[in-house]
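In this text, all values refer to a predicted model and were calculated from it rather than measured experimentally. Numbered from 1 within each chain, the chains take letters A, B, ... in sequence-line order.
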Amino acid sequence: MRLSQLFFTTLRDDPADAEMPSHRLLVRAGYVRQLGAGIYSLLPLGFRVAKRVEQVIREEMDGIGCQELEMPVVHPADLWRESGRYDSIGPEMARFKDRAGRDMVLAMTHEEVVADLLRDIVRSYRQLPLMVYHFQTKFRDEPRSRGGLIRVREFVMKDSYSCDLDTAGLDVSYEKHYEAYSRIFERLGLRAIAVASDVGMMGGSAAHEFMVLNPAGEDELVLCEACGFSANRQVAKARVSEPPAEESLPLEEVATPGAATIADLAAFLEISPERTAKAIFLVDGTGRLVTAVVRGDMDVNETKLANTVKATVFRPAQPEEIRAAGMWPGYASPIGAHDTLVVVDELVARSSNLVAGANREGFHLRNVNAGRDYTPDVVADIVAAREGDGCPSCGAPVSIRNGIEVGNIFKLGTKYTQALGATYLGEDGNRHPIVMGSYGIGVGRAVACIVEAHHDVKGIAWPEQVAPYAAHLVSIGGAREPKVQAVARRLHDAAAAAGREVLWDDRDESPGVKLTDAELLGMPRIVTISPRSLAAGGVEVTVRATGDRSIEPVEAVEAWLTRS
RNA sequence: CGGGGCGUGGCGCAGCUUGGUAGCGCGCAUCGUUCGGGACGAUGAGGUCGGAGGUUCAAAUCCUCUCGCCCCGACCA
């Protein structure tokens with residue numbers, strides 16, 4: 001491909017709205033262009049990268065016996081009504097009516113379609129197990145897109161679905177995906193770590209997310225260097241030293257004027273925050289007030305809390321709502337509370353003689369003991385793991401890092417097949433729901449993560465497996481140097497003839513421009529052809545990632561470019 | 001949805017406070033010189049100042065509304 005013909009342009013300046021390296025470089029080097037918030041075009045270079053990423057994924061999916069197909073982007077709303085998600089999913093799903101007035105949706109995912117296909121096609125246990133996948137555009141109207149290609153609203157995802165007779169079969173399919181994903185990210189040049197994750201609104205029994213560490217990542221991971229434990233902070237258990245066993249002391253009210261925060265309270269009473277209990281008030285989707293009680297030095301993990309009380313969404317409670325339940329914001333505790341669900345963290349339940357609110361402005365109570373002074377409705381692990389807490393597996397201190405989710409695998413179970421009636425007739429003569437798993441990888445996000453991991457101040461440095469072209473020929477001297485032109489054309493044409501197209505910067509630009517652009521674009525090898533290199537015996541080959549350069553005979557480079 | 005910021009030629013920006021002929025750098029076009037690290041000279045093209053309404057003799061500039069984009073938060077297979 002001649003650069004003079006390529007539909008692209010490089011930018012000398014960083015685009016004003018790009019912050020992450022991947023965003024800046026992909027725009028600046030002419031790989032992508034933004035159309036709207038979270039909506040991007042892939043230019044020819046970007047498209048080639050995406051195709052190569054897809055090919056890696058395709059090979060690994062095919063390798064585990066997953067069959068490629070294609071399912072629609074536009075779905076009748078009725079299909080989503082059958083699974084119940086038409087109503088349970090919020091405004092992030094785009095809805096519209098067709099000309100006949102039928103409700104339609106833009107697909108966010110394809111569990112329903114798979115289940116619909118299964119109920120059409122699968123009759124007997126002999127037809128299972130089965131795995132299918134496709135690459136398809138998804139539209140999710142995220143409340144906030146950000147970070148260039150990292151978080152977008154429209155994107156291509158590889159999603160696959162396993163369909164098994166039972167959960168034992170699901171375990172096998174899940175494991176196959178786990179292994180395939182590990183190989184995929186390895187091949188893509190991504191150091192992805194699998195972390196246990198929340199199953200969220202997808203339902204199901206187990207899930208892993210494949211995460212790439214990145215300071216700008218939106219997920220928080222709890223990692224243990226000692227034993228390799230890893231989990232999403234949303235679900236990670238924290239091991240904290242056991243509270244001292246003490247005799248319960250009598251309740252004692254103490255004036256704490258102005259001490260409405262844990263920090264103020266601890267300072268005022270000259271005690272450690274560990275000796276206090278704090279109450280957090282949330283209202284769930286049904287309007288129920290949830291009072292969560294954790295130790296003063298810890299924070300509530302809303303995901304854990306939501307799973308504990310079977311809530312889907314929370315909002316912070318208003319002060320009036322808290323007072324209506326018999327508690328006083330700033331000086332609150334569940335003592336004497338009513339009309340609220342009291343959820344107490346395990347650690348608080350096991351602690352003795354904590355300081356907690358008196359539900360009276362300016363007063364706290366010493367020696368509060370759960371069970372004696374108030375009755376928890378639920379006792380559960382609801383706190384967020386902290387940096388330095390004990391690893392739940394080995395006890396060593398954990399660290400907390402940000403990560404970007406590049407893939408996920410879910411054990412779905414029978415949620416969708418039951419709702420849609422996708423069943424098979426078993427060996428036992430009975431009808432059973434098919435057991436599903438679902439597995440996703442965002443292609444564009446993977447591309448962005450590869451750039452995050454493979455770039456320097458000069459530009460991108462693609463791993464060979466995903467580079468849009470294996471080599472970038474830079475001819476120096478232009479039309480004045482027929483020998484240079486001839487060698488460049490020979491290499492370019494030979495590679496093209498061998499089906500291994502290379503990029504050739506044949507533009508009439510100064511050497512500085514061409515070399516700078518070559519480094520920005522990031523092909524694995526930059527081949528410089530100039531009077532100087534020819535005089536030295538060939539062409540100069542620079543390894544983009546390392547900067548290593550050497551003069552190679554033209555024949556050797558030609559052989560390398562054309563080998564299959 | 002809450003908070004903050006920004007919309008001026010393809011890109012990056014100044015001009016706005018204090019209304020009065022729209023500017024700079026890069027890029028682009030033509031010609032000439034140059035040619036291994038973002039060259040130089042000359043000439044030139046290109047802008048409804050996001051949009052609508054208002055104030056005014058006069059609006060990029062002041063006022064109102066509106067659209068879009070970015071960042072933080074909330075949210076999120």
Side-chain angles (χ1 to χ4, degrees), chain A residues 9-20 23-24 27-28 30 33-39 85 88-93 107-111 138 140-148 150-153 155 157 159-161 197-204 207-210 216 218-219 232 234 282 285 302-303 306 312-316 405-412 415-416 437-442 445 458-459 474-481 484 505 507-520 526 528-536 539-540 542 549 551:
Chain A
T9 188
T10 55
L11 301 177
R12 196 171 284 216
D13 301 305
D14 279 332
D17 55 8
E19 304 218 329
M20 292 184 73
H23 189 195
R24 272 177 23 232
V27 172
R28 210 150 79 75
R33 199 99 325 174
Q34 181 170 7
L35 181 61
I39 307 177
R85 288 162 114 189
S88 67
I89 293 179
E92 63 267 29
M93 182 156 72
M108 302 174 62
T109 174
H110 286 77
E111 282 80 11
K138 317 280 178 196
R140 296 181 190 174
D141 195 356
E142 298 285 351
R144 185 184 156 209
S145 53
R146 67 190 100 186
I150 297 291
R151 186 168 197 72
V152 293
R153 296 193 295 168
F155 56 98
M157 172 177 267
D159 41 327
S160 45
Y161 302 89
S197 67
D198 182 40
V199 294
M201 61 171 288
M202 295 294 295
H208 282 85
E209 292 165 335
F210 286 79
E218 299 174 86
D219 286 281
N232 194 307
Q234 290 180 327
L282 298 164
E302 285 194 26
T303 304
T312 51
V313 288
F314 281 126
R315 64 169 172 84
E405 180 187 347
V406 288
N408 57 43
I409 55 178
F410 270 84
K411 291 187 183 178
L412 282 180
K415 175 175 172 179
Y416 298 94
S438 91
Y439 317 87
I441 296 177
R445 184 180 284 186
K458 293 173 174 176
V474 177
S475 54
I476 287 173
R480 297 177 329 284
E481 299 289 347
V484 167
D505 193 345
R507 298 175 300 173
D508 184 21
E509 291 287 352
S510 71
V513 171
K514 289 186 171 192
L515 292 168
T516 311
D517 272 353
E519 283 157 342
L520 176 61
I526 298 171
T528 310
I529 306 127
S530 68
R532 193 203 283 177
S533 76
L534 293 179
V539 299
E540 183 184 78
T542 306
R549 55 180 68 183
I551 298 288

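Distance noted for atom C1' between B:rU55 and B:rU61: 13 Å (whole Å).
Of the residues near RNA chain B, A:E405 and A:H23, the one whose nearest nucleotide (by heavy atom distance) lies more toward the 5' end is A:H23. When each of A:R140 and A:S145 is assigned the nucleotide of RNA chain B with its nearest heavy atom, A:S145 is the one assigned upstream, toward the 5' end.
Residue A:M93 is classed as having no contact, given no heavy-atom separation below 4.0 Å to the nucleic acid. Note on A:G90: nothing from the nucleic acid sits closer than 4.0 angstrom, heavy atoms only. Nucleic acid contact for A:D17: sugar-phosphate only, since backbone atoms but no base atoms lie under 4.0 Å from a heavy atom of the residue. Using a 4.0 Å heavy-atom criterion, one finds that A:E302 contacts the sugar-phosphate atoms exclusively.
Residues A:E405 and A:E218 have side chains not in contact (no heavy-atom distance under 4.5 Å, counting atoms from C-beta outward).
Using N1 to N3 plus N6-O4 or O6-N4 for Watson-Crick, or N1-O2 and O6-N3 for G-U wobble, each under 3.5 Å, B:rG19 pairs with nothing. Nucleotide B:rA58 forms no Watson-Crick or G-U wobble pair with any nucleotide shown, as no partner meets the under 3.5 Å limit on both distances. B:rG46 is unpaired under the Watson-Crick or G-U wobble criterion, no partner having all donor-acceptor distances under 3.5 Å. With a cut-off of 3.5 Å on both Watson-Crick or G-U wobble distances, the partner of B:rC1 is given as B:rG73. When both pairing distances are held under 3.5 Å, B:rG41 makes a Watson-Crick or G-U pair with B:rC31. The partner of B:rG25 is B:rC11, judged by Watson-Crick or G-U wobble contacts that both fall below 3.5 Å. The partner of B:rG68 is B:rC6, by the rule that a Watson-Crick or G-U pair needs both atom distances under 3.5 Å.
Side chain of A:R28 to main chain of A:D14: no donor-acceptor pair is present (N/O by atom type, distance under 3.5 Å, no hydrogens or angles). Checked by atom type and distance alone, the side chain of A:K514 pairs as donor or acceptor with a backbone atom of A:S475 at under 3.5 Å.
With respect to A:R153 and A:E92, no salt bridge is recorded, no charged nitrogen being found less than 4.0 Å from a carboxylate O.
Atom OH in A:Y416 sits about 10 Å away from atom P in B:rA77, given to the nearest Å.
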| message | Walk along nucleotides 34-45 of chain B from 5' to 3' and tag each nucleotide B, S or - by protein heavy-atom contact under 4.0 Å, base first, then sugar-phosphate. | response | -BBBBS------
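Looking only at atom types and distance, the side chain of A:S533 has no donor-acceptor partner in the side chain of A:E540 under 3.5 Å away.
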